[in-house]
Amino acid sequence: MKLNKKYWIALAGFAIALVLGLTAYRLLHRQAVRVERLAVDGEPGQQLASDIMNRMYGQEAYDAKEKCWNIDHAAGQDEEAATYCMKPLALDRVHAAGEDRLYLFAGADRPDASHIDTDALVGAFVVDAKTQELIAGDRELSFASGFASAPNEVKLLQLSATGYMAWFAEGGDMHQGISASYPQLFAPKGKKIVAIEGELFGKEEGMSEELSFDYEPDAAKADKEVFPLLLRVSDDKHKPLANFRFRFDSHKWQYVCADQACRDKKGIPEAKPETSEETDDSPAQPPANANIALFNDGAELSAADLKDVLAAIGAVYVVKDQDNWGFVTEKCHTPFKLSASYPEGEKDSHNELWITGGSACTSGATGQSVWLFIRGEDGHLRANLGVPATKTSLTSDVNNGRYDLRLAGNGFCEAVWSWDGSQYQHLKNIATQPGGCGGD
């Protein structure tokens, strides 16, 4: 059968279209970005994270007891170096441009941090999934958060169609009942990891307390080298209140507000002033002295015990006006409340005393602290605890004649303290949710 010229032209056209289609499919498939979150407390994520941490911080730096990698770091030029216990917080496998890469984010709280400390330590690394060679990384990056706490949650965001990625984490703080949040964004620049959040903002003083700030990349702008970011502000009932856009400034290598409305934070509700109804429970007159301010059941401390207790806390009782009274310290000048109580069996002997209270100034994001005083052989009440906590309970375990104590804060990690014969010492942490204690 003789085939005409039109047939051959059509067949050739079909073949060309098929080749072009397969090429386009392969190209699109190769350029597609896929992200997989790997658990750092399960396999294969745990081993992959450990391998990267060993390479970045040194296998000899691993602390088997705490399951972390120690690094000495000075938070400021004039400060002495402290040992930070770095733990993997988030691990992702990213397929982009035909390659697989691992993105690891690590962090540590500042050791023995107080309410005045704000800089935790984080590390971020991008490695080739096949060769394990470092593509970009930094072992020591500052992370801003109340009480110098490492982030509880870390997200990996895709910021370009070709797979430019960034870690998003949010720090938080509370001061005098006013909360604040600090969105932070870390991304590669050359072989380093840098902070690129620029003008991103979160909850600030003067804004309503019942607000949610949600950031996401604007992937619809696929023509941009780096996607813009969208911020949606909503209330506690998920009602949208304001939207803002941030563009990426390649010269500053940071995000900046796209317009004046963003710079002015236009549309975000302001904090409502306290109404008279909210202050109706305030006492007509402030307590006459520290003993009355501490106890609400008629109990009291002797003059000597009161002196020892207030000296240990570093507090004095002040009355500034009818509605502004409480305890202050050398660093915390706004009065805060303290509450004292004797445990069962000690209401007559007064050999033990619990005190709770404080503020964001004394206790960071937790908002209050717990003190346990036990009378020593010299007859003085001595502080055995003085740590931020919102709840204290006795466990069923007994060490050296005393029950272990379990302390809870605002997060999902609770601390157990054990009596060593002379004082309470930190024994271990217990996660109330998976990853609540940094992956333990």
Quick one: closest heavy-atom pair of [X] and [Y], and the distance?
X: T329; Y: I313; value: CG2-O, 4.4 Å
X: L134; Y: V126; value: CD1-O, 3.5 Å
X: H73; Y: E140; value: ND1-OE1, 2.6 Å
X: W419; Y: R402; value: CD2-CD, 3.3 Å
X: F336; Y: S359; value: CB-CB, 4.0 Å
X: Y182; Y: A144; value: CD1-O, 3.8 Å

Indicate yes or no: does [X] engage [Y] in a salt bridge with an N to O separation below 4.0 Å.
X: E99; Y: R101; answer: yes
X: R232; Y: D214; answer: no
X: E209; Y: K203; answer: yes

Heavy-atom check, side chain of [X] versus side chain of [Y], under 4.5 Å:
X: V40; Y: Q46; result: no
X: P151; Y: F168; result: no
X: P228; Y: F246; result: no
X: T362; Y: F327; result: no
X: D249; Y: Q254; result: no

About how many Å separate [atom2] of [Y] and [atom1] of [X], when rounded to the nearest 0.5 Å?
X: L48; Y: M53; atom1: CG; atom2: CE; value: 13.5 Å
X: W417; Y: Y424; atom1: CH2; atom2: OH; value: 11.5 Å
X: N243; Y: L231; atom1: CG; atom2: CG; value: 8.0 Å
X: R110; Y: L121; atom1: CZ; atom2: CG; value: 10.5 Å
X: T83; Y: D63; atom1: OG1; atom2: CG; value: 10.5 Å
X: I355; Y: L381; atom1: CD1; atom2: CG; value: 9.0 Å

Take atom [atom1] of [X] as the centre, draw a 6.0 Å sphere, and report whether it contains more than 12 heavy atoms from other residues, nucleotides or ligands.
X: N400; atom1: CG; answer: yes
X: Q423; atom1: CD; answer: yes
X: K391; atom1: NZ; answer: no
X: K265; atom1: NZ; answer: yes
X: E43; atom1: CD; answer: yes

Checklist entry - Of F186, F143, F125, Y103, which is the lone residue that meets ring pair (Phe, Tyr, Trp, His ring centres under 6.0 Å) with W167? => result Y103
Say whether, by atom type as modelled, one donor and one acceptor occur between the side chain of [X] and the main chain of [Y] under 3.5 angstrom.
X: H333; Y: E330; value: yes
X: D109; Y: A150; value: yes
X: Y164; Y: P188; value: yes
X: T395; Y: L405; value: no
X: S363; Y: S369; value: yes
X: Q260; Y: D264; value: no
X: K337; Y: T356; value: no
X: E197; Y: L185; value: yes

Checklist entry - Is it the case that D404 and N399 place a side-chain donor and acceptor less than 3.5 Å from each other? => result yes
Checklist entry - Does any donor atom in the side chain of S418 or D420 lie under 3.5 Å from an acceptor atom in the other side chain? => result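 No, D420 and S418 have no side-chain donor paired with an acceptor closer than 3.5 Å.
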Item to check | disulfide bond (SG atoms under 2.5 Å apart) contacts in which one or both residues fall within residues 68-110, not counting sequence neighbours | outcome: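 Counting only pairs at least two positions apart or across chains, the disulfide bond (SG atoms under 2.5 Å apart) contacts touching residues 68-110 are C68-C85.
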Next on the checklist: Using ring-ring contact (aromatic ring centres under 6.0 Å, His included), reason through Y84 and Y57 one step at a time and then give a plain yes or no.
Outcome noted: CA-CA 11 Å; Y84 288 74; Y57 294 99; over 10 Å; no
Checklist entry - How are the rings of F244 and F201 set relative to one another: parallel (under 30°), tilted (30 to 60°) or perpendicular (over 60°)? => result perpendicular
Next on the checklist: Could you walk me through whether W69 and S50 satisfy the side chain to side chain contact (heavy atoms under 4.5 Å, CB included) test, starting with their C-alpha distance in whole Å, then the side-chain angles of each, then the deciding distance to 0.1 Å, before giving a yes or no?
Outcome noted: CA-CA 10 Å; W69 284 257; S50 295; 3.9 Å; yes
Checklist entry - When you look at L200 and Y215, which way does the side chain to side chain contact (heavy atoms under 4.5 Å, CB included) test go after all the steps? => result CA-CA 9 Å; L200 303 188; Y215 281 92; 3.7 Å; yes
Next on the checklist: Aromatic contact between F248 and W253, with the criterion being ring centroids under 6.0 Å apart: yes or no?
Outcome noted: yes
Next on the checklist: If you apply the rule side chain to side chain contact (heavy atoms under 4.5 Å, CB included), what do you find for L159 with I196, and how did you get there?
Outcome noted: CA-CA 12 Å; L159 297 183; I196 65 170; 4.0 Å; yes
